[in-house]
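We use all heavy atoms of the structure for the numbers below, so side chains are in, but hydrogens, waters and symmetry mates are not. Just so we're on the same page: letters track the sequence lines, and every chain starts at 1. Given the structure is predicted, the values throughout are model-derived calculations rather than measurements.
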Amino acid sequence: MSGDVVSIENYTPQMKHSKECDVAIVGAGPVGLFAVFQAGLLGLKCILVDALDRPGGQCAELYPEKPIYDIPAYPVISGQELTDKLLEQIKPFDPEFLYSQQVAKLVKRTDGRFELTTSQGAVIRAHTVFIAAGAGSFVPRKPKIADIEAFEETSFFYAVRNREIFVDRNLVVFGGGDSALDWTLDLLPDVNSITLVHRRDKFRASPASVEAVRKAVAEDRLQLVFGQLDGLHGKSGNLEKITVKTNEGRLEAIKADRALAFFGLNIELGPIAKWGLNLDSKLIAVDTEKFETSTPGIFAIGDINWYPGKLKLILSGFHECALAAQAAFKIARPDEKLVFRYTTSSSDLHEKLGVA
Amino acid sequence: MGFIHVTDRQGTKHDLDAVEGWRVMEIIREHGLPIEAVCGGACECATCHVHVSPEWHEKLYPAREEEEDMLDELPVLSGTSRLSCQIIWSRELDGLELTLADSGGG
């Protein structure tokens with residue numbers, strides 16, 4: 001059954017400050033970006049939402065420096081270069097980007113359009129929705145420790161949004177990358193005590209940060225423990241003690257009322273799972289004519305969709321963009337006739353591309 | 001022809017036929033077991049984390065620095081944690097025993 005969640009019953013009016021567009025794109029990875037191009041050629045305006053703070057999706061987050069060899073006409077291109085080229089290509093269409101937020105809610109309005117509300121409270125009204133969410137949203141990796149939920153966002157955090165809450169506290173920081181070391185050094189002067197916990201005596205961070213951490217340890221301003229998180233102890237979400245299993249197998253108790261964990265990023269499907277779409281193993285079933293989901297007007301393109309013969313390739317996603325855009329035009333512009341044109345010869349397309 | 005023995009997250013054991021030259025992650029994924037391997041074997045996501053049985057762990061080539069860097073991003077490791085995309089199966093690994101880590105890399 002489609003539309004269980006995407007329904008009028010769940011609709012809460014959010015009349016003010018909504019953004020209007022033809023296509024709301026969930027995910028600003030390579031496929032989401034190229035969808036802007038294909039929609040743009042048809043005169044459709046796009047808004048993109050991404051959980052990351054920048055475009056590129058997996059290409060930018062997981063392998064910006066790694067070479068990709070199967071993009072047509074590029075014998076080799078890195079994830080970051082591909083992202084940059086796509087941004088250049090879609091520039092004429094002036095898409096709007098909403099970063100560091102997820103689409104938390106998606107409802108169908110009585111006028112036939114969709115209303116998307118992001119985790120930061122932005123509201124988008126769109127004729128169509130393209131889900132180009134890949135494997136899902138990048139979110140902080142959370143340790144699977146008993147009762148951790150009780151402490152999260154009260155005394156155990158995955159990011160620093162308000163550094164005041166760490167002042168004069170006994171803080172434990174987990175991780176060995178740049179985020180862990182940078183925040184350790186930043187908060188060091190203002191905390192009562194600070195302990196950095198990492199699994200080994202090697203850090204994947206800038207040499208200057210590593211040197212500063214070693215100096216602070218030598219001066220006894222920072223405790224360094226090699227091991228991993230074992231348990232959180234406290235009441236009503238307020239940490240009192242953290243136990244760490246050291247590499248020698250000992251359990252070490254650290255007095256702590258604040259903790260910060262930087263374990264890199266994980267990928268979660270997130271709120272999409274609740275949109276009433278036909279999901280199987282985190283993939284959304286689509287047709288191969290329009291790449292439309294079980295809910296008319298909602299399309300799924302790129303790694304997140306499934307159809308017989310699907311290959312998770314960037315180039316397959318690009319093809320899917322073109323066909324979904326054609327279908328989106330018919331929904332967004334029901335009274336207009338769609339004429340198929342080539343960018344090589346159409347003066348109309350040249351105008352849209354700004355090359356006329 | 002050979003096998004690897006994989007224990008899933010429910011504790012069920014699976015004997016999977018292995019292919020020479022394939023990454024262990026690929027063998028597990030090909031048999032439909034729930035290994036995420038988001039980055040597809042680029043050693044960039046740590047979601048193909050497995051716990052190798054101790055007797056097999058010592059027979060494997062040690063992890064390279066690139067793999068250790070990614071293991072650093074996992075909150076809970078065992079002494080025999082490895083990323084299965086970094087283990088290439090060959091005949092010497094016939095009978096390799098391992099357990100899938102929790103979803104998301106554990």
Side-chain angles (χ1 to χ4, degrees), chain A residues 57-68 79 134-136 138-146 148 158 174-180 197-205 226-231 244-245 247-249 259 261-269 281-282 303 312-314, chain B residues 7-11 14 23 25-26 28-52 54 57-58 62-86 99-106:
Chain A
Q58 281 193 41
C59 284
E61 181 56 41
L62 290 184
Y63 39 83
E65 308 300 333
K66 294 232 159 140
I68 307 172
F138 285 95
V139 292
R141 179 175 273 127
K142 301 177 175 181
K144 294 187 174 71
I145 297 285
I148 192 166
Y158 300 102
F174 293 90
D178 275 310
S179 305
V197 180
H198 183 46
R199 66 179 273 260
R200 59 185 178 134
D201 193 6
K202 184 143 197 181
F203 300 94
R204 192 191 197 185
F226 300 114
Q228 63 185 30
L229 175 58
D230 171 76
V244 171
K245 194 171 148 197
N247 290 350
E248 294 78 42
F262 298 102
F263 291 117
L265 298 174
N266 206 350
I267 295 196
E268 285 178 8
L269 191 56
S281 311
K282 300 184 187 176
D303 281 1
K312 286 189 185 183
L313 291 175
I314 293 171
Chain B
T7 305
D8 67 22
R9 292 173 191 135
Q10 282 71 44
H14 304 264
R23 298 162 191 268
M25 174 275 283
E26 292 168 335
I28 298 167
R29 189 178 61 184
E30 180 70 11
H31 285 83
L33 291 182
I35 193 156
E36 285 152 305
V38 171
C39 77
C43 197
E44 293 289 356
C45 75
T47 61
C48 66
H49 177 204
V50 295
H51 304 289
V52 179
H57 186 257
E58 58 193 38
R64 292 180 303 150
E65 195 52 31
E66 194 183 23
E67 183 180 347
E68 290 289 352
D69 280 346
M70 284 318 298
L71 287 169
D72 277 351
E73 297 199 352
L74 294 174
V76 182
L77 294 168
S78 61
T80 65
S81 287
R82 292 294 302 262
L83 299 184
S84 58
C85 75
Q86 299 302 302
T99 302
L100 299 186
D102 279 345
S103 61

Could you tell me the separation between the [atom1] atom of [X] and the [atom2] atom of [Y], rounded to the nearest 0.5 Å?
X	Y	atom1	atom2	answer
C39(B)	E61(A)	SG	CD	12.0 Å
R204(A)	E73(B)	CZ	CD	6.0 Å
L74(B)	N266(A)	CG	CG	9.0 Å
R141(A)	C45(B)	CZ	SG	7.5 Å

Q: Please name all residues satisfying side chain to side chain contact (heavy atoms under 4.5 Å, CB included) with P64(A), sequence neighbours left out, ordered by chain then number.
A: Q80(A)
Q) Q10(B): what forms a side chain to side chain contact (heavy atoms under 4.5 Å, CB included) with it, not counting sequence neighbours? A) D8(B), T12(B)
Q) In terms of heavy-atom pairs under 4.5 Å, which option from K142(A), Q58(A), R200(A), H198(A) contacts chain B the most? A) R200(A)
Q.
Under a 3.5 Å distance rule, please check whether K144(A) uses its side chain to pair with a backbone N or O of S103(B) as donor and acceptor.
A. yes
(Q) Taking side chain as everything from C-beta outward and backbone as N, CA, C, O, which of these in E68(B) sits under 4.5 Å from a heavy atom of chain A? Side chain, backbone, both or neither. (A) both
Q | I267(A) vs T47(B), side-chain contact (heavy atoms from CB on, under 4.5 Å): CA-CA, chis, key distance, verdict | A | CA-CA 9 Å; I267(A) 295 196; T47(B) 61; over 6 Å; no
Q: Check each atom of K282(A) against the heavy atoms of chain B and say whether the ones under 4.5 Å are side chain, backbone, both or neither.
A: side chain
Q. When heavy-atom pairs shorter than 4.5 Å are enumerated against chain A, which of C43(B), P75(B), A42(B) gives the highest number?
A. P75(B)
Q) Which atoms form the tightest heavy-atom contact between D72(B) and K202(A), and what is the distance? A) OD2-O, 4.2 Å
Q. Would the number of heavy atoms belonging to other residues, nucleotides or ligands and lying under 6.0 Å from CD of E30(B) be above 12?
A. no
